[in-house]
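The next block holds one structure in the form of structure tokens; read it before the comments.
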Amino acid sequence: MSAEPFTWRSGGCHCGGVRFEVALPQEVEAQSCNCSMCAKTGFIHIIVPESRFRITRGAERLAEYTFNTRVAKHLFCSECGIKGFYRPRSNPDGWSVNARCLDSLEGVTLNVEAFDGQNWERHAHELSHLSREPA
Amino acid sequence: MTRQLVGHCHCGAINVVLETAKTAAELPLRACQCSYCRTRGALTTSDPAGHLHLQSAPGAVTRYRFGLQVTDFILCAECGTYVAALSEIDGALMGLVNARGAQLGGFDEREPDPMIYDDESPDERLARRAHRWMPATLVEVYPNA
């Protein structure tokens, strides 16, 4: 199988202090989760392997919040509070990027599916392949 | 009858009580389309005849301003949740709640009204809020005091 073509796309928080880039294919699978955390933040997940994400500015401005198992590292800009990406519990070897924080979705087809995070243990395995690095 | 719609940020450091004579179903639910609210997927509500009580643990509030600089977005410094917005209008503190951030009950499954306020001047913005937002207070509360 030939490698899928990825395009590096930029995004950031609201005040501009934190910037990132994520490599995305043209068609992107995304999740809208109903767990206690995601319901409050309105986070739309694009989960990618480690190699397809990089922080380009403001790592030192990130605040970290953890709860429950404390595996997920919820990161947000300490200035404007925006959570553009974080280490998800489902994929601690990768990143979850907030589709709402990308500068532009032009040329990207975003397929948002509901994820039942209220029953996380039953469903988390459905996401584990998303952070797998290509062989 | 006055009722209280209650909520809080994710970690519980900021509590919200919306005092109103209305049910959640009778209150508006708005999806502001500004750059900040879209990033948050904010769903806001207010009752001009009610009162908004915000209680925070000491030091738990981060205030964020942008654009016209007339609004304080009230964020939890601990968990990052956007719970409410406050604006001082003619010496009075007015506010609204982000029903999504505070997880106020009774708003699930509601379709919000999209709102676009981009063309407002600062005066027009405050005039609109003076009759649409609600009187508000924000106090720090010491746990077990």
Applying a strict 4.5 Å limit to non-hydrogen atoms, the region of B:S35 in contact with chain A is both

Measure across A:C101 and B:T39 and return the closest heavy-atom pair with its distance rounded to 0.1 Å.
SG-CG2, 3.5 Å

Okay, side chain of B:R40, backbone of A:F43: is any donor-acceptor separation there less than 3.5 Å?
no

The interface call for A:Y65 against chain B, heavy-atom contacts under 4.5 Å, is both

Under 4.5 Å to a heavy atom of chain B? For A:S36 that would be both

Can you establish whether the number of heavy atoms outside A:D103 located under 6.0 Å from its atom CG is more than 12?
yes

Following the transitive rule for hydrophobic clusters with a side-chain heavy-atom cut-off under 4.5 Å over Ile, Leu, Val, Met, Phe, Trp and Tyr, establish whether B:V70 and B:Y82 coincide in one cluster.
yes

Shorter than 4.5 Å, heavy atoms on both sides: which option in B:G41, B:A42, B:C76 has the most such pairs with chain A?
B:G41

When clusters are formed by joining ILVMFWY residues with side-chain heavy atoms under 4.5 Å apart, either directly or through shared neighbours, do B:I14 and B:L18 land in the same one?
yes

Hey, quick one: are B:L52 and B:L93 part of the same hydrophobic cluster, counting side-chain heavy atoms closer than 4.5 Å, chains of contacts allowed?
yes

Counting N and O atoms only, with roles assigned by atom type, does the side chain of A:K40 sit under 3.5 Å from a partner on the main chain of B:H8, one being a donor and the other an acceptor?
yes

Max heavy-atom pair count under 4.5 Å with chain B, selected residue of A:K83, A:H74, A:E79:
A:E79

Quick one, A:H14 and B:Y64 - any side-chain contact, counting heavy atoms below 4.5 Å?
yes

Residue pairs involving residues 49-70 of chain B (criterion salt bridge (charged side-chain N to carboxylate O under 4.0 Å, His left out); sequence neighbours excluded)
B:R63-B:D72, B:R65-B:D72

Under a 3.5 Å distance rule, please check whether B:Y36 uses its side chain to pair with a backbone N or O of A:C80 as donor and acceptor.
yes

With a cutoff of under 4.5 Å between side-chain heavy atoms, which Ile, Leu, Val, Met, Phe, Trp and Tyr residues group with B:V139?
B:V141

For chain B, which residues of residues 122-134 of chain A have at least one non-hydrogen atom nearer than 4.5 Å to it?
none

Could you see if A:L102 belongs to whatever hydrophobic cluster contains A:L75? Use Ile, Leu, Val, Met, Phe, Trp, Tyr and a side-chain cutoff under 4.5 Å.
yes

Heavy-atom proximity to chain A below 4.5 Å, by part of B:F66
side chain

Are there residues of residues 95-127 of chain B that reach to under 4.5 Å of chain A by heavy atoms, and which ones?
B:R100, B:G101, B:A102, B:Q103

Do B:M94 and B:F73 land in one hydrophobic cluster if side-chain heavy atoms of ILVMFWY residues count as linked below 4.5 Å?
yes

So, the part of A:C15 with a heavy atom under 4.5 Å from chain B: the answer is both

